[in-house]
Each structure stands twice: as structure tokens, then as C-alpha cells.
Amino acid sequence: MTITVRFAPSPTGLLHAGNARTALLNWLFAKKLGGRFLLRIDDTDAARSTKAFEEAIYRDLAWLGLTHDGTDRQINRLAKYSAAFYRLQAAGLVYPCFETEVELDRQRSLLAARKLPPIYNRASLEPANKARWEAEGRMPHWRFKLSRTPVSWTDLVRGPVEIDTATMSDPVLVREDGAFLYTLPSVADDIDMAINFVVRGEDHVTNTAAQIEIFQALGGPVPKFAHFPLLVGAGGEALSKRLGSLSLESLREAGIEPLAVAAYLAKIGTSDPVEPRQSLGELASEFDFAKIGRAPAHFVPEELDALNARTLHAMPYSAVAGRIPQGEAFWDAVKSNLAKLSDAAGMAILVTGPVTPVIEDAGLAEKAAALLPPEPWDEATWGAWTKAVSAETGAKGRGLFHPLRLALTGLEHGPELKKLLPLIGRDKSMARLKGETA
Ligand code: GLU
């Protein structure tokens, strides 16, 4: 059996850390097992869906590295939803409803006042009501008639789940203006696209009970379900308030590596430690629903920043070659000092100059300049040279290294000098030790 999953975002906003995690967990699961990852654009809400957001979804998934094995838009598939709807209608499982939003709100308030759950009362099923409302010329919306019996499934994250659909309102499938809401198209597509695993956030658990009844009514196989806990902020607060700052676009613009985002989103809320990884393939090989906990996953931007730095420190040159024109030796010299990849550009000047040296100990600098060995230089040069300078001047430890660093780089801190020195080269080193900008 080929595993087929889908990521089904609505193009009504930018992908944020929460959606990206849904996409990622689907992708990792499918790729681990040689399965297929489909991208389905849930754009039946014509008023809120935009082409720009759809394009952003493609761009952001590509940035994260989540390649898809097929894609479609729901707007292309409306005829399929109509066909599914007519099948439910023929089976007597959908019914027209005539209540206005205001009337439904009033009903819900009355139920709330009596401390009853806000379950739709099926008043439109009463022939007298129906006749009256039809006579008024009201246009219906359409609901699915739930069985009002327990629906159960074995969730790959939550274990056995049972939901009595008597505790829910019959879901609206079609709006008064004829537009399909999410529930039915999603099931029709899942059947049609042979989706056998639905992996999504736990905010969909209740939907699943209704959707299982719809899968069964349409005669499609019911997929397996995995509902993972949602992302929350550091203090457990819902992320929705700060979604803007957590869009993939904003993370990209902040210079976070896609691999760090992926490793972070793959590991938070699981029993695995949050650690740098070299590839999505590595994350896929480690993926297991059994590792996902039942508590919400905490998204802490500072942790992501730290993981980003550690990801860079572990990155081989081959992974950044196109972005580091200064070459491999430079990358190896600077990578351990980076928080963001863009910091490397600022460090390039240490090699190319001009650097205005800071001469802290003129006597030491002069002697050190005189002791500079002839080129070619390599990583051993620094050790041999500083040993010679120490022997000549008696300087040791900080008293030796601090003035040399200040003279060679003009900075208090920076990349390892044994790696930097051969890149700076003899001429510039000599000039800087003499106090010249070079
Ligand atoms: N478009 C739905 C959403 O974004 C898809 C949910 C699902 O995965 O079924 O919530």
C-alpha cells in the first residue's frame, strides 16, 4: 500500500509555524515510508482565498524543502463535490435548513442560558417549519444528518478516540449561496485522491467524527487519522495573536535557515531532543507518531534562534556553497561564530579588509610582525607563530592573544585566528600589526 497524505491549506493567509508543522509532519511521515505527499489548495471560500496567498504557499513550502508529488485546487473540483452531495441527498443524509444566522445565534444563546451544549435542534426537519420557511421564500443551506451514535477510531497520536455525534450539530455542507464549506469537499477529495492517512492538528478531532460518517456514507475507505497537539507560545498562550511574526516569510526574512525551522518544528512536542540535523531525510528517518506527546508543543522563538546557530555551526560547506562566495576555508573559519548566515558577509571584511587595527601593545605587535613566517600558511601557522612571539616577548595567555586579535581584526571577539590567519595572509597581517588599515 502506498501511503498518501495531503497538506490542505486554505490560501487565506500566509503559512505560519503551525501550518508549516502540519505540512512537515505529513511530509516526514510519507517520506519515511516511501509515500506520496499531495498539496491540496482548499480554496472553496472564494471571498477569502487569494492567488497571492496561494503563490506564497508554494514559495514557502519550496523554501522549507517540502516537495510535493501532486497538487490541485478545490475550485477545479466543484463538480465532484456536487456529485458527492447528490449521493448523500439520494441516501437521505442531507437536509435543507432555513434558519438565518441571527436565529441560529439566538438559539445558541438560549441553550447557553440553560447551560446546554449549542447543538442545532433540527427544527428545519419539521415539515411545518420547512413549509413555512419555504413559503417565505427563504433559500436553504444544507446540513449533513449525523447518525447521533458513537464514532470511534484509533488515532495514531491520541490512541482510541470515541465521539458520540449526538454531542455535535449537524455540519453545514453547503451555504445558502450554494458554496461548499470545507467538510464535504475534504472528504470527497480524500477519497478521490486515495488519501489513506490524514495528519492534522487536534482542532480537527470533532470534524473527524463527522467526516468519518461522511466517508462511510460515500462508501469510501476511511483513512487513518493522526491528530497532533497544536503549537503554543513559550507561556502556553495560543499563537494566533502573533501569527504575523511567525509566518514562514517572516522567519525567512529574519535569516533563519529552513533546515533549522524544519528540525525545530519536527522535534518540539516530541520525545526527541531539539538538535540540529543535516537534512530533511534525516528528520524523516527519525519520524514516528509514537514520539509525539499529548501536551501542546511550545514554540519559543529564542530556541529556534539557538537551533539556527547550531545548525549553521554543523553545516558543511556543500550546503551553503551558493551563498558563501568566499569559499570553503572562509566558511570553516567563520561558521562557528554565526547566529545567522548573513553574519558571514560582515566577517568577510576581516579577510579582505580594510580592517583598522587596534594596537593595544605596540612593542608586542612590532615583535610579532617581525616574527611572521614566510608563506605558505596553514592552520598550524598560528600556533607556531604565537609560540615564537611568546618566547620572544614573554607574553602568555590573554596578554598574548588579546593584543594580536585586536591588531589583526580590530575586534575583541571573532572567528578562530588559526583559521583566519591563513586567509588574511602575510601582507595584510604585517600591515595591521604595524597599525595600518589593510
Ligand atoms: N483546509 C483545512 C484547514 O486548513 C484542512 C484541514 C484538513 O487537513 O483536513 O484547516
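For ligands, and for the atoms within them, numbers begin at 1 and follow the listed sequence.
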If you draw a 6.0 Å radius around NZ in K224, do more than 12 non-hydrogen atoms from other residues or ligands fall strictly inside?
no
Go through F180 and Y182 one step at a time and tell me if the ring-ring contact (aromatic ring centres under 6.0 Å, His included) criterion holds.
CA-CA 7 Å; F180 286 99; Y182 148 82; over 10 Å; no
is_close_aromatic(F299, H16), centroid dist under 6.0 Å
no
Indicate the ring-plane relationship of F98 and W133, choosing parallel, tilted or perpendicular according to the 30° and 60° boundaries.
tilted
One should read off an interatomic distance between T71 OG1 and I57 CD1, to the nearest 0.5 angstrom, of 9.5 Å
Check the orientation of F289 and F287. Use parallel for under 30°, tilted for 30 to 60°, and perpendicular for over 60°.
perpendicular
Write out the protein residues near ligand 1, meaning a non-hydrogen atom under 4.0 Å from one of its atoms, in order of chain and number.
R6, A8, S10, D42, Y182, S186, R200, H204
